[in-house]
Amino acid sequence: MESKVKKILITEEQIQKRIKELGQQITEDYRDKKLVMVSVLKGSVIFISDLMRAVNIHMQIDFMSVSSYRGGTKSTGVVKILKDLDMDIEGYDVLIVEDILDSGLTLSYIRELLLKRNPKSVKIATLLDKVDKRNIQIEADYVGFDLPDEFVIGYGLDYAEKYRNLPYIGVFDN
Ligand code: IMP
Ligand code: MG
C-alpha cells in the first residue's frame with residue numbers, strides 16, 4: 001500500500017493540529033447559530049469525524065453523496081446525486097464539509113442545490129484546496145491546507161476507492 005505514495009505531503013500530526021484550529025474558529029463563528037455539518041461522501045468522512053469533535057457547541061451532521069469522478073484522476077465534468085440529505089435544512093446554518101476543492105465543480109453544484117432549500121446560511125469547509133486548478137469561481141470559508149496541483153491520497157481521499165485509510169496525505173505515485 002505505501003509503495004503508491006511518492007511522498008508524504010501532510011503528516012498525521014499536522015492534520016490534527018490544523019483541525020483543532022479550524023474547530024475553534026467554527027466554535028466561535030457558530031456559537032449562536034443552528035449548525036449542521038453536511039459531509040460530502042465518501043472522501044470527507046474522516047475529516048468530518050475529526051472536525052466535529054473539535055467543535056464545542058451543539059450541532060448536527062448529515063450526509064450526501066455525489067459523483068464527479070469515475071475512478072481515475074480526472075474529472076468527468078458530470079455531477080450526479082447518489083444520496084440526498086435526510087434532513088430539511090430550512091433555517092439551518094449549513095457548513096458543507098469537503099475533502100478537497102479542485103475544479104470547484106462538485107462544490108458549486110452542491111452549494112446551489114442547498115441554497116434552494118432556504119437555509120439561513122451556507123458555508124464551505126475543505127481540508128485541502130487546489131487553488132490553481134479552479135475553473136469555477138468558488139472559495140471555501142475554512143481551508144485546512146493549500147495544495148499544489150498534484151493528485152493526493154489518504155485521510156479519506158482515494159485513488160480508485162483505495163488508500164482512504166492512510167492516516168496522512170501523500171502524493172499518489174502513478
Ligand atoms: P472538483 O469537482 O474538481 O472540485 O473535485 C472534487 C472531488 O474530486 C473531491 O471531492 C475528490 O473526490 C476528487 N478529487 C479531486 N482532486 C483529488 C485528489 O488529488 N485526490 C483524490 N481525489 C480528488
Ligand atoms: Mg473521490
Side-chain angles (χ1 to χ4, degrees), residues 1-12 14-16 18-19 22 26 36-52 61-86 89 94-117 122-174:
M1 177 161 85
E2 313 271 326
S3 66
K4 278 296 182 188
V5 176
K6 206 189 296 177
K7 86 173 179 232
I8 295 178
L9 266 190
I10 312 170
T11 65
E12 218 176 328
Q14 288 173 313
I15 295 171
Q16 293 308 326
R18 185 70 186 117
I19 288 178
L22 291 174
I26 292 167
V36 55
M37 285 190 187
V38 168
S39 162
V40 184
L41 295 170
K42 309 170 195 165
S44 70
V45 290
I46 303 194
F47 179 38
I48 198 175
S49 70
D50 282 339
L51 184 63
M52 68 187 289
I61 55 168
D62 203 350
F63 298 89
M64 70 186 298
S65 179
V66 300
S67 155
S68 63
Y69 276 68
R70 290 294 145 80
T73 60
K74 290 264 157 58
S75 174
T76 57
V78 178
V79 179
K80 196 174 116 195
I81 295 193
L82 305 177
K83 182 218 172 293
D84 206 339
L85 296 177
D86 291 336
I89 56 169
V94 176
L95 183 60
I96 303 171
V97 178
E98 252 285 32
D99 51 354
I100 188 163
L101 184 47
D102 186 13
S103 71
L105 186 78
T106 312
L107 266 181
S108 64
Y109 179 86
I110 292 172
R111 189 177 60 177
E112 290 314 309
L113 182 83
L114 297 187
L115 278 170
K116 289 185 193 134
R117 300 177 182 177
V122 175
K123 287 192 173 183
I124 294 169
T126 187
L127 179 66
L128 305 171
D129 192 357
K130 281 187 191 171
V131 189
D132 298 341
K133 286 281 293 291
R134 206 63 41 76
N135 46 32
I136 286 179
Q137 175 64 36
I138 185 165
E139 266 179 47
D141 302 278
Y142 304 93
V143 175
F145 302 91
D146 287 332
L147 211 66
D149 179 16
E150 289 188 277
F151 196 83
V152 293
I153 52 175
Y155 197 77
L157 291 130
D158 71 304
Y159 172 74
E161 294 299 325
K162 288 190 286 194
Y163 311 107
R164 295 192 197 274
N165 54 322
L166 293 175
Y168 52 79
I169 294 185
V171 177
F172 181 65
D173 192 2
N174 269 299

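Whatever order the structure lists them in is the order used to number ligands and atoms, beginning at 1.
Close approach of ligand 1 to K130 is summarised as follows: ligand atoms under 4.0 Å from at least one heavy atom of the residue are 16 (N), 17 (C), 18 (C), 19 (O). Listed by number with element, the atoms of ligand 1 under 4.0 angstrom from any heavy atom of L105 are 2 (O), 4 (O). Near E98, with a cut-off below 4.0 Å to any heavy atom, the atoms of ligand 1 are 10 (O). Every atom of ligand 1 with a heavy atom of T106 under 4.0 Å away is listed here by number and element: 1 (P), 2 (O), 5 (O), 6 (C).
Although no hydrogens or angles enter the test, the distance criterion places no donor-acceptor pair under 3.5 Å between the side chain of D173 and the main chain of V5. Without hydrogens or angle criteria, D129 side chain to D146 main chain gives no donor-acceptor distance under 3.5 Å. In this structure a side-chain-to-backbone donor-acceptor pair under 3.5 Å is present from T11 to Q14.
Closest approach of L157 to V152, counting heavy atoms only: CB-O, 3.9 Å. Heavy-atom minimum distance, D62 versus V36: N-CG2, 4.3 Å.
Ligand 1 does not have G43 within reach: every non-hydrogen atom of the residue lies 4.0 Å or more from it. Ligand 1 lies nowhere less than 4.0 angstrom from a heavy atom belonging to L147. Residue-ligand proximity: L107 is placed with every non-hydrogen atom at 4.0 Å or more from ligand 1.
The shortest side-chain heavy-atom distance between D132 and K130 does not fall under the 4.5 Å cut-off.
Under 4.0 angstrom from ligand 1, the non-hydrogen atoms of D99 all belong to its side chain. The part of L157 lying near ligand 1 is the side chain, judged by heavy-atom distances below 4.0 Å. Contacts of E150 with ligand 1, taken as heavy-atom pairs under 4.0 Å, involve the backbone alone.
Remark: D84 engages R117 in a salt bridge, criterion side-chain N to carboxylate O under 4.0 Å.
The aromatic rings of Y159 and F172 lie parallel to each other, with less than 30° between the two planes, well short of the 60° mark.
An N or O contact shorter than 3.5 Å is missing between L101 and ligand 1 by distance.
Which of I100, D158, D102 comes nearest to atom 23 (C) of ligand 1 through a heavy atom is settled by distance: it is I100.
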